[in-house]
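Single-structure report; data block below.
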Amino acid sequence: MTDQNKRLATILQDLGSMYRYLGGENLFKAIAYMKASQAIKSLPDDISLYLKEGTVKEIPGVGKSLEKDIREFYSTGSISRFENLKKIVPHGLIELVDVRGFGPKSLKRLYEDLHVESKEDVVKALKDGRITKLKGFGPRKVENMLRGLKLHKQLEERMLLRDALEAGEKLLAPLKTLKEVKRAELAGSLRRRKETIGDLDILAAVKLKDRKKVVKVFTSPKLAQRVLAKGDTRVSILMQENGRQADLRMVDESEWGAAFQYFTGSKDHNIHLRRLARDKGYKISEYGIFTARNHKRLAGKTEEQLYKHLGMQYIPPEMREDKGEIELALKRAIPKLVEIKDIRGDLQMHSDWSDGLQTMEEIVDFVEKNFSYDYIAITDHTKSSRVARGMKDQEFLKQIEEVKVINQKQGRDFLKAGAEVDILADGALDLSDEILSQLDWVVASIHSGFSRNNTDRLIKACENSYVNCIGHPTGRLIGKREAYPVDIAALIEAAVGTGTALEINGQPERLDLKDEWANEAREAGVNLVISTDSHKYNDFYFMSLGVGVARRAWCTADNILNTKPWHDIVKLTSKGNLSVV
DNA sequence: GCCGTTTTCGGCCCGACTGTTTTCAGTCG
C-alpha cells in the first residue's frame with residue numbers, strides 16, 4: 001500500500017467511526033466510509049493514478065460524494081468533512097468505538113456525563129470508580145470494558161506481523177539502494193514470523209568507514225520521527241511510519257552470518273546454542289564462532305557455517321524457538337518446511353456474491369495474473385451471516401452455474417464452487433444437503449455464540465459428510481477478540497477421525513489456527529489447509545503469512561492439503577465411507 | 001453515502017445475546 005493510500009484510508013476509517021459515534025441515520029454513512037476505506041486499502045496503485053485517469057468512481061464503494069472527498073484529500077491533504085466532524089465528535093474517543101465492551105452509546109454517555117475526552121481519561125475513570133457509579137454501567141459491563149482495553153493495549157504494544165513486515169520493508173528498501181550497504185535484511189521475531197512484533201530489527205553489512213552515511217539515511221526525517229540512540233554499530237529510531245522502535249545493527253560483511261543468527265534469535269534458541277558450543281569447546285557471539293581456548297575465529301560469514309561447526313543442520317528461522325529443533329538438527333532430522341512456491345491453490349475467499357469486493361471473474365483474472373495456482377475455491381457466506389450478506393440457498397444454485405460458465409470460458413476447471421457455511425448453534429449447517437452435495441469445497445465456520453464452549457458444535461461439523469474443512473477454528477482476532485472456548489485436542493481428534501481438514505487462516509488478525517495448535521494438529525496427522533480468506537485483491541498475498549504459521553508449526557508440504565493436486569485433495573477429504581450423522 | 005436486470009428512492013445492519021434491568025438498551029457478529 002502506498003503512503004498516500006494509507007493516509008486516505010485512515011481518514012476514511014476515522015470518518016466511519018465518527019459517524020458510528022453519531023449514530024441514527026449516520027450509521028449507513030459509517031458503513032459507506034468503512035467500505036470505501038477498505039477499498040482504498042486494496043488498491044494496487046496510488047490514488048493519484050485513479051484521479052488522473054478519472055477512474056475514482058469505478059472503485060467499489062466510491063460515489064459522487066466520496067470522489068469529491070478524495071479530490072480534496074489529494075489537493076489539500078485533508079477532508080473538510082473530517083475537520084468539521086472533529087469539532088462535534090470527541091476525536092480522542094474514536095479509537096475506542098471498535099474496542100470490545102465499548103460502543104457509540106457507551107462512549108457518548110462517558111463523554112457527556114463524565115466529560116472524558118481520551119482513552120487515558122477513560123482508563124482513569126474506570127480506575128477511580130466514576131464509571132461504576134453511572135446508571136447502566138454494572139460490574140460485568142465494567143469488567144468487559146477492562147478486558148477490551150487490555151486486548152487493545154496488546155495491539156498498541158505489538159504490531160501485527162503484516163504491519164511489521166510492511167513497515168520493515170519501508171526501512172529496508174532505502175538502505176538497500178545504498179552502495180555502501182553490502183547486504184541488509186529484517187531479523188528478530190519478524191524473521192521468525194511471529195504473529196505479533198514488538199520492535200523491528202534490521203541487520204546491515206557495512207564497512208566501518210561507510211557507516212556514518214548509512215546512519216544518516218536511517219535517521220533522516222523521512223524514516224525516523226525520533227532518534228533514540230546513534231552509534232557505529234547500533235542506531236535506534238522511532239519510525240516515521242508508526243512511531244514504533246526500530247533498531248539497525250551494522251556489522252562487517254565477514255561477520256554477517258554470526259550476526260544474522262544472533263539477531264534473529266530467539267533468545268532461548270541462542271542460549272541453547274551457546275551452551276552447546278561451550279560444551280564442544282567453542283564460544284559463539286554475534287561476531288563469529290571461536291575456539292574457547294585461544295579465541296581463534298573459526299567461522300561467521302554465513303549462518304550455515306555456524307550451524308555446521310556445531311555439528312548440526314541449518315535451522316530455518318521459523319523453527320528457532322528452542323522447542324526441540326536443536327535436537328532435531330543434531331540428528332540431521334530437520335524437516336523440509338513448506339514454502340510459498342509449494343502452494344497450488346487458495347481454498348477460502350469471498351466474492352461480491354456475499355461480502356467480497358470483486359466479482360468472481362475479476363478474482364480469477366487477478367489470481368491468474370499474480371499467482372501460479374492450479375485451482376481456487378469461492379466460498380461465500382451462507383444466510384445466517386447477515387452482516388456478511390450471506391447468500392440464500394437458491395443463490396448458491398445460481399452461483400454454481402456461473403462458476404461453470406467461467407470455467408467453460410477458461411477451458412479448465414480452475415474455479416471450484418464452494419461455501420463458507422455457518423455452523424449453527426446446534427452444530428447443524430446453514431445450507432441444505434441438496435446444495436452441499438453440489439459444491440466442490442465446503443468450509444464450515446463459527447460466526448456466532450463466541451462465549452460458549454464450542455467444542456461440540458465443531459465436532460458435529462467435522463462429522464458432517466459434506467464438510468471438507470473447518471475455517472478459522474478458534475475464532476480469535478489478535479488484539480480484538482479472544483478465541484472462543486474450545487477443546488482443541490478434542491477437535492484435532494475429530495478432524496483426524498473424520499478426515500476433515502483444519503484451516504490455517506492467513507488473515508493478519510486471525511492466523512488461526514495459531515502456530516502451537518497447528519503444530520499439535522500436524523503431529524496428530526491432521527490435513528491442514530492454508531487459506532487467505534480473501535475479501536479483496538490484496539488479501540491474496542496473505543498466503544505468505546499463513547505459510548509462515550505453517551513453518552512455525554514445522555509443517556512440510558505434505559502436511560498442507562493445498563500443495564497437492566485437486567484430485568488428491570478430493571480423495572483426502574471425501575467422506576464416502578463415513579456414516580452420515 | 002452508495003447502489004440499482006425487482007428500485008434513481010428507499011433500502012442498507014438485523015437477530016441474538018448480554019447485562020442491567022424489571023421490560024429493554026446496547027453491543028456484537
Side-chain angles (χ1 to χ4, degrees), chain A residues 11-40 56-70 72 79 81-82 85 96-110 112-113 131-149 151 350 352 354-355 357 359 381-390 392 394-395 398 402 420 422-426 430 445-452 454 457 471-472 475-477 480-484 507 509-510 533 535:
Chain A
I11 292 182
L12 297 181
Q13 171 87 38
D14 274 5
L15 268 167
S17 298
M18 286 164 143
Y19 280 121
R20 272 192 66 195
Y21 177 90
L22 292 172
E25 276 306 298
N26 296 301
L27 227 46
F28 298 110
K29 280 190 199 174
I31 294 166
Y33 274 99
M34 304 262 190
K35 196 177 167 213
S37 170
Q38 285 297 314
I40 299 294
V56 179
K57 276 185 80 177
E58 285 171 27
I59 300 168
V62 175
K64 215 165 148 186
S65 168
L66 264 155
E67 185 189 15
K68 203 170 141 255
D69 287 347
I70 292 171
E72 190 186 352
I79 298 174
R81 174 197 302 282
F82 177 59
L85 268 184
L96 293 178
V97 175
D98 285 316
V99 173
R100 223 180 148 67
F102 292 82
K105 296 285 164 49
S106 302
L107 284 172
K108 214 170 199 164
R109 280 287 306 283
L110 295 181
E112 281 166 5
D113 293 1
I131 289 185
T132 324
K133 288 197 194 101
L134 288 181
K135 201 169 147 63
F137 287 70
R140 299 297 291 274
K141 168 114 181 131
V142 168
E143 192 187 315
N144 270 340
M145 292 166 84
L146 285 167
R147 273 174 60 184
L149 280 172
L151 275 167
H350 301 268
D352 66 350
S354 65
D355 61 345
L357 288 187
T359 67
H381 288 282
T382 56
K383 53 188 175 295
S384 291
S385 281
R386 287 169 190 285
V387 188
R389 296 198 301 276
K392 296 198 177 75
Q394 289 309 306
E395 291 177 82
K398 278 200 248 167
E402 192 171 322
E420 185 187 12
D422 265 38
I423 302 173
L424 302 175
D426 61 356
D430 186 32
S445 310
I446 286 182
H447 292 116
S448 62
F450 290 90
S451 50
R452 81 181 82 153
N454 283 307
R457 281 166 93 186
H472 45 73
R476 66 124 175 217
L477 294 176
K480 285 196 179 154
R481 188 173 73 206
E482 291 153 359
Y484 41 68
Q507 290 277 325
E509 289 185 328
R510 290 194 185 272
D533 197 355
H535 287 72

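Sequence lines set the chain letters: A, B, ... in the order given, protein chains first and strands last, and positions in each chain run from 1.
Minimum atom distance to the side chain of A/L66 is reached by B/dC2, of the listed B/dT20, B/dC2, B/dT21. The listed nucleotides are B/dC2, B/dC17, B/dG29; the one nearest the side chain of A/R452 is B/dC17.
Between A/R481 and B/dG29 there is a side-chain N or O to OP1 or OP2 distance below 4.0 Å.
Counting non-hydrogen atoms under 4.0 angstrom, A/S384 reaches nothing in the nucleic acid. Looking at heavy-atom distances under 4.0 Å, A/K29 makes contact with a base. At a threshold of 4.0 angstrom between heavy atoms, the contacts of A/S451 are confined to the sugar-phosphate backbone, with no base atom among them. The residue A/G449 sits apart from the nucleic acid: no heavy atom pair falls under 4.0 Å. Using a 4.0 Å heavy-atom criterion, one finds that A/N144 contacts the sugar-phosphate atoms exclusively. A/F450 comes within contact range of the sugar-phosphate backbone alone, with a heavy-atom separation under 4.0 Å but no base atom that close.
One can place CG of A/L15 at 15 Å from C1' of B/dC2, the figure rounded to the nearest angstrom. Atom CZ of A/F102 is separated from atom C1' of B/dT18 by 16 Å (rounded to the nearest Å). In this structure, CD of A/Q38 is placed 16 Å from C1' of B/dC2, rounded to the nearest angstrom. Between A/N454 atom CG and B/dG29 atom C1' the separation is 13 Å, expressed in whole Å.
On the C1' atoms, B/dT8 is 12 Å away from B/dC2, given to the nearest whole Å. If you take atom P in B/dC28 and the same atom in B/dT23, they sit 25 Å apart, rounded to whole Å. For the P atoms, the distance from B/dC3 to B/dC13 is 14 Å, rounded to whole Å. A gap of 15 Å separates the P atoms of B/dG11 and B/dG15, to the nearest Å. Using atom P as the reference point in both B/dT7 and B/dT21, the two lie 48 Å apart (nearest Å). For the C1' atom pair drawn from B/dG1 and B/dT6, the interatomic distance equals 22 Å after rounding to whole Å.
A distance-only check finds no donor-acceptor pair linking the side chain of A/E420 to the backbone of A/T382 [under 3.5 Å]. The backbone N or O of A/G148 sits nowhere less than 3.5 Å from a side-chain atom of A/R100 that would complete a donor-acceptor pair. Without hydrogens or angle criteria, A/S354 side chain to A/G390 main chain gives no donor-acceptor distance under 3.5 Å. Counting only distance, with no hydrogens or angles, the side chain of A/R457 and the backbone of A/I423 share a donor-acceptor pair below 3.5 Å.
Using a cut-off of 4.0 Å between Lys/Arg side-chain N and Asp/Glu carboxylate O, A/K383 and A/D430 are scored as salt-bridged. With respect to A/R481 and A/E509, no salt bridge is recorded, no charged nitrogen being found less than 4.0 Å from a carboxylate O.
Comparing A/S106 and A/A425, the nucleotide of DNA chain B nearest to each residue sits closer to the 5' end for A/A425. Residues A/K141 and A/P104 both approach DNA chain B. Their nearest nucleotides, taken by heavy-atom distance, put A/K141 toward the 5′ side.
In this entry B/dT8 has no Watson-Crick or G-U wobble partner, no candidate having both defining distances under 3.5 Å.
Under the side chain to side chain donor-acceptor pair (under 3.5 Å) criterion, A/S37 pairs with no residue, sequence neighbours left out.
The aromatic rings of A/H447 and A/H381 lie perpendicular to each other, with more than 60° between the two planes, well past the 30° mark.
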5' to 3', nucleotides 3-15 of chain B under a 4.0 Å protein heavy-atom cut-off (B base, S sugar-phosphate only, - none) gives S--------BB-S

